[in-house]
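Keep in mind it's a predicted model, so treat the numbers as computed, not measured.
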Amino acid sequence: MLVRLGYVALSLELKNSSPNKTITWTNLQKIDPKFYVSRLTILSKENLRNQLRLLRYNLGEEIMLYRFTSKLIPLATHDAVAGWDFAGDLAEDFEQIGEFVKKNRMRVGFHPDHFVNLNSPKDDIVEKSIQDLTYHLQQSQAMGLDETMKFNIHMGGAYKDKKDSIKRLIDNWTRVPADIQRRITFENDDKTFTAAETLEACQALGTPMVLDIHHHRCNHEHHDLSSILEDIFATWKDSGLPPKIHVSSPKGTESAAAMRSHADFVDVHDLLPFLQLAKRHTDALDVMVEAKNKDQALKKLMKDLMNENQVQPRSEASFEL
DNA sequence: ACCTGTCAAGTCTGG
DNA sequence: CCAGACTTGACAGGT
């Protein structure tokens with residue numbers, strides 16, 4: 001099985017490279033409204049430039065898997081700048097990023113954050129969620145990246161009745177534009193929807209499923225993944241992509257909250273047993289490292305994996321097992 | 001230079 | 001019904 005490692009948004013190694021620079025609404029309001037868009041455009045430009053630097057750095061490190069931040073364009077979906085054509089204003093910057101990704105065959109994605117709740121009983125929340133997904137779509141299209149660039153999201157809230165909420169997610173799906181539907185993947189979360197429940201929804205909607213093995217440890221009906229892993233991987237069959245998983249280690253053991261939060265690094269033993277199981281069901285796997293120490297955690301994990309005798313390096317950030 | 005409170009967005013819990 | 005927790009990195013204002 002060929003395994004590639006990736007990380008999320010920020011590099012601790014590459015200095016002054018934040019693609020995340022922002023301004024809060026409270027502070028934007030201190031300037032004349034006619035300058036809102038230019039202020040936001042300047043920040044966005046800086047973010048996109050740093051984004052390209054990060055991708056170049058990734059290539060140098062042979063890291064071919066990466067998640068974009070959702071904060072590339074600050075306040076893009078805020079009502080105050082509704083109608084702002086950020087994709088048009090920043091077309092060149094987006095194109096450069098997309099060209100670089102395509103030329104080097106990198107796998108990139110978005111993870112719209114927890115405000116996106118397609119299963120909310122409140123109509124306006126569903127509407128805002130679709131708006132937020134549209135914002136991500138505009139960026140992918142501006143980059144010229146097709147539906148292999150996935151938007152990974154969670155299933156949403158429980159609203160006191162999980163079964164009902166899964167049903168509502170499936171009902172609301174028809175409201176999601178088709179070009180967004182083709183990009184969405186669902187991930188099991190650490191408090192509400194388990195891997196088995198997420199799989200059920202993914203199968204019903206025909207979307208791939210991202211398995212988070214740390215969330216699974218926090219939130220599951222049956223600890224054993226082996227009975228559903230083959231089905232989880234099967235959701236990727238038509239995507240042209242290897243299955244993707246998330247890995248992280250708990251920050252502490254003193255409380256349920258500490259168990260859920262992410263540690264600075266990933267303990268190699270939180271990944272290895274899973275890989276042994278996974279290789280029975282797939283010959284390629286992409287692993288996102290979700291650790292506070294970002295790319296440094298990726299590198300440490302890679303190094304620790306290389307000390308395991310069954311692991312053969314294929315590059316600085318990929319290996320055969 | 002460093003420290004602390006605050007931040008657009010949702011949900012859940014507990015008062 | 002409403003305030004605060006949850007959780008994240010970074011801004012912004014204070015020292």
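Annotation: cation-pi pair A/R107/A/W236 present, NZ/CZ under 6.0 Å from the ring centroid and within 45° of its normal. The cationic group of A/K294 does not satisfy the cation-pi geometry with A/Y7, failing either the under 6.0 Å distance to the six-membered ring centre or the 45° limit from the ring axis. The cationic atom of A/R4 (NZ for Lys, CZ for Arg) does not lie both less than 6.0 Å from the six-membered ring centre of A/F319 and within 45° of the ring axis.
Taking the C1' atom of each, B/dG10 and C/dC11 are spaced 22 Å apart, rounded to whole Å. Separating the P atom of B/dT13 from that of C/dT7 is a span of 13 Å, rounded to the nearest Å. Here the separation of C/dC1 from B/dA8, taken at their C1' atoms, is 23 Å to the nearest Å. Taking the P atoms as reference points, C/dG4 lies 15 Å from B/dG5, given to the whole Å. Separating the C1' atom of C/dT8 from that of B/dA1 is a span of 24 Å, rounded to the nearest Å.
Side-chain contact check for A/H136 and A/S70: at least one donor-acceptor pair (N or O, by modelled atom type) lies under 3.5 Å. In summary, the side chains of A/D267 and A/S249 do not present any donor paired with an acceptor at a separation below 3.5 Å, with no hydrogens or angles considered.
Taking the six-membered ring where the residue is Trp, the centroids of A/H220 and A/H215 are separated by 6.0 Å or more. Taking the centre of each ring, A/H154 and A/H111 come in below the 6.0 Å mark. With ring centers used as reference points, A/F86 lies under 6.0 Å from A/Y135.
Not a single donor-acceptor pair under 3.5 Å links the side chain of A/T77 to the backbone N or O of A/D132.
Rounded to the nearest 0.5 angstrom, A/K300 NZ and A/D295 CG are separated by 14.5 Å. Note that NZ of A/K251 is 6.0 Å distant from OG of A/S261, once rounded to the nearest 0.5 Å.
A/A9 comes within 4.0 angstrom of nothing in the nucleic acid, heavy atoms only. Contacts of A/D79 with the nucleic acid, taken as non-hydrogen atoms under 4.0 Å apart, are absent. Heavy atoms of A/S120 sit under 4.0 angstrom from primed sugar atoms or phosphate atoms, though from no base atom.
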What string of B, S and - do you get for nucleotides 3-15 of chain C 5' to 3' if you count protein non-hydrogen atoms under 4.0 Å?
----SSSSSSS--

Paired and unpaired positions of DNA chain C as dot-bracket, Watson-Crick or G-U wobble under 3.5 Å, | denoting a partner strand:
||||||..|||||||

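First and last contacts of DNA chain B with chain A, using any nucleotide atom under 4.0 Å from a protein heavy atom and ordered 5' to 3', fall at B/dC7 to B/dC12.
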